[in-house]
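Below: the structure, in structure tokens.
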Amino acid sequence: MNRRVTVIVDGRPLQVDVGTTVAAALWNAGVTAFRHSVTGEERAPLCGMGICFECRVTIDGVEHCRSCQTLCADGMQVKTS
Amino acid sequence: MRRWDVVVVGAGPAGIAAACGAAESGARVLVLDDNPAAGGQIWRNDAAQPWLERFAESGAELRTGCVATDTLPEARSYVLATGARELFVPFPGWTLPGAFGLGGMQALVKSGLEVAGKRVVVAGSGPLLLAVASLLRKRGAAVAAVVEQAGRTAMAEFGVRLLMEPEKLGQGAGLMMSLWGVPFYTGSWVESAMGRGRVERVRMRCGGRVVEQDCDAVAVGYGLLPNTELAALLGCHLAEGTVVVDEWQETSVDGVYAAGEVTGIGGVEKSLVEGEIAGLAAAGLQGQAQRLFAKRAKTHSFADGLARAFAPRAELRKLAQTDTLVCRCEDVTRGALEGMKSWREAKLQTRCGMGPCQGRVCGGATRFLFGWGADSMRPPVFPVKVESLIETRQS
Ligand SMILES: Cc1cc2nc3c(=O)[nH]c(=O)nc-3n(C[C@H](O)[C@H](O)[C@H](O)COP(=O)(O)OP(=O)(O)OC[C@H]3O[C@@H](n4cnc5c(N)ncnc54)[C@H](O)[C@@H]3O)c2cc1C
Ligand code: FES
């Protein structure tokens, strides 16, 4: 059995396997709007490797974190926009 | 006294091989990587990789989760093994959620994205196409189509080259077998993606015919582009979007070496052997490095074949329409860029490339669409950090 951690996404607790990135966890939970673009379009991950910045969310109060480069940790607070 | 003899940037195959080469000979080696773990693009979450085990025992120290420009510490020499990213060619709908990069989708799946039961169209160009389709299928996705832009003839020529390297041919054949029953289109591409709030369907141009396909996601990537930003910041000479190196993998800047995809796209074997040479040379072991020259030459000839067979075709330049976004950070359309003469002018007039990604996505796209030179893409990318970098090197 994989070890699980709980992250809180927009107030909702979410159980995921250890080693899951925040980007993968959000997409699996049905989130498609990670952020809104400068003209208001909904955006989700593109590159998966830290270069496009489309997967930005707020993590533990820090804005503009790249969710594809961040592993889920127990109790982590994630906010999409 | 300096704490480090060699600082390696990038913990992909090239960086790992460089670190092993240097550290195993007693050099004090530090490796920096932006990712949460070592392995680079290919060995993401692959703990069983023998090179990763060797790396763990080499004595080199690893720091993950840091972008090198922030933290490049003092050392006698540096090895830049910053790898590559994908070439994204804009098409209508590529900004919809569910339109991923090709390697992008692979990276996300390897880091926990679930695809079981999802219909995915896999498109673009190059060997990565089959690798990604095969991974998706293994994870339970219904791969609806594999769409390769290169024509049959180019692919066949590449196949002939592979015959001379039976090991690679075997890998390719194995991948093909794992995709038994999946429609495989050559000389074909995804024209657009559609859907309400997310990708629900794609339109493909398959050998002159238009084919529509319902899907939950589409993964598109047209090959790789070297990550040359850090090398450029350090003043290394670039040519045609790659870092120029000599036989020791040393760049035009003394004591700064480069290895792997950053010196030219060529796959994992090229990265490994270049990394080893760079690591040994950076540690002053030219004799040992020299023994690997013949092996390196072979990987270079493979790389040339790769580039020829999978060069993106001209038709792809017409996919983006006037209202298609090219710069996703600043939402700049193709129409807004049409009249511009250079990347520099586009940046000043439209803010294209001025957002958080700093042109890492639209820079490659506009070079492909409009032929704007990479050289007009001027460093510094992170101005403040450069100074600290240069100070570090001079002290
Ligand atoms: C998205 C993607 C998926 C791929 N998938 C495959 C595959 O499945 N099979 C295959 O054979 N090949 C694949 N490739 C090709 C791959 O590039 C090579 O096989 C091989 O991994 C290249 O090794 P490398 O060490 O040169 O570069 P990489 O593996 O790309 O490693 C470069 C490393 O440097 C780090 N880095 C870059 N810049 C900085 C910086 N400024 N600071 C800190 N760290 C930095 C990156 O995070 C990365 O970990 C893929 C390439 C890409 C871009
Ligand atoms: S998906 Fe591109 S930076 Fe995270």
Side-chain angles (χ1 to χ4, degrees), chain A residues 2-7 9 14-60 62-73 76 78 80-81, chain B residues 33-37 40-41 44-45 47 64-65 67 83-86 88 94-116 195 197-199 217 219-221 225 227 229 325 327-333 351 355-362 364:
Chain A
N2 282 329
R3 216 159 57 78
R4 310 272 280 177
V5 290
T6 305
V7 291
V9 178
L14 201 67
Q15 282 233 325
V16 301
D17 286 343
V18 169
T20 306
T21 54
V22 174
L26 292 180
W27 186 263
N28 292 344
V31 175
T32 52
F34 282 55
R35 70 173 194 106
H36 285 84
S37 77
V38 294
T39 60
E41 288 186 7
E42 295 184 348
R43 294 287 168 77
L46 171 73
C47 76
M49 55 175 283
I51 63 143
C52 76
F53 287 72
E54 287 285 25
C55 64
R56 277 173 290 158
V57 294
T58 302
I59 299 180
D60 290 335
V62 182
E63 288 177 43
H64 307 302
C65 294
R66 292 169 300 167
S67 59
C68 73
Q69 297 298 92
T70 313
L71 293 176
C72 291
M76 187 181 258
V78 181
T80 62
S81 67
Chain B
D33 199 292
D34 183 22
N35 276 331
Q41 298 308 335
R44 207 177 274 274
N45 279 338
T64 55
V67 176
R85 56 172 171 264
E86 292 190 86
F88 296 108
W94 77 301
T95 50
L96 278 174
F100 299 100
L102 177 62
M105 183 141 202
Q106 179 194 43
L108 288 160
V109 166
K110 286 186 181 178
S111 72
L113 190 106
E114 290 158 10
V115 290
R198 60 175 298 163
V199 172
V220 192
L225 298 172
N227 288 324
E229 284 76 11
L325 293 182
C327 169
R328 304 170 61 123
C329 293
E330 298 290 336
D331 286 1
V332 183
T333 61
R351 294 197 51 78
C357 99
Q358 293 287 307
R360 283 177 175 76
V361 175
C362 61

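Remember, it's a predicted structure, so these values are computed and weren't measured experimentally. Every chain is numbered from 1, with letters handed out A, B, ... down the list of sequences. Hydrogens, waters and symmetry mates are skipped; everything else that's a heavy atom, side chains included, is used.
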Partner of B:Ser111 under side-chain contact (heavy atoms from CB on, under 4.5 Å), picked from A:Thr21, A:Thr20, A:Thr70, is A:Thr21
Nearest 0.5 Å, please: how far is CZ in B:Arg85 from CE in A:Met49? 8.0 Å
Under 4.5 Å from a heavy atom of chain A, the part of B:Arg328 involved: both
Is there a side-chain contact between A:Phe53 and B:Val361 (heavy atoms, below 4.5 Å)? no
Taking B:Cys362, B:Ala107, B:Ala99, B:Pro36 one by one, which has the highest count of heavy-atom pairs under 4.5 Å against chain A? B:Pro36
Testing the basics here: between B:Gly197 and A:Glu42, what is the closest heavy-atom pair and its distance to 0.1 Å? O-OE1, 4.4 Å
Do A:Arg66 and B:Asp34 have side chains that get closer than 4.5 Å, going by heavy atoms? yes
With chain B as the partner, which of A:Cys47, A:Cys68, A:Gly19 has the greatest number of non-hydrogen pairs under 4.5 Å? A:Cys47
If you tally heavy-atom pairs under 4.5 Å against chain B, which of A:Gly50, A:Pro45, A:Cys55 wins? A:Pro45
Report the option among B:Asn227, B:Leu96, B:Leu108 that has the most heavy-atom pairs separated by less than 4.5 Å from atoms of chain A. B:Leu108
Hey, what do you get for CH2 (A:Trp27) to CZ (B:Arg198), rounding to the nearest 0.5 Å? 4.5 Å
Indicate the atoms forming the closest heavy-atom contact of B:Cys357 with A:Cys52, along with that distance. CB-O, 3.7 Å
Please walk me through it: do A:Glu41 and B:Leu325 pass side chain to side chain contact (heavy atoms under 4.5 Å, CB included)? CA-CA 11 Å; A:Glu41 288 186 7; B:Leu325 293 182; 3.8 Å; yes
Most heavy-atom pairs under 4.5 Å with chain B, out of A:Thr32, A:Asn28, A:Thr39, belong to A:Asn28
Report the C-alpha distance between B:Arg351 and A:Val38 in whole Å, list the side-chain angles of each, state the deciding distance to 0.1 Å, and finish with yes or no for side chain to side chain contact (heavy atoms under 4.5 Å, CB included). CA-CA 12 Å; B:Arg351 294 197 51 78; A:Val38 294; over 6 Å; no
Under 4.5 Å from any heavy atom of chain A - which part of B:Gln106: neither
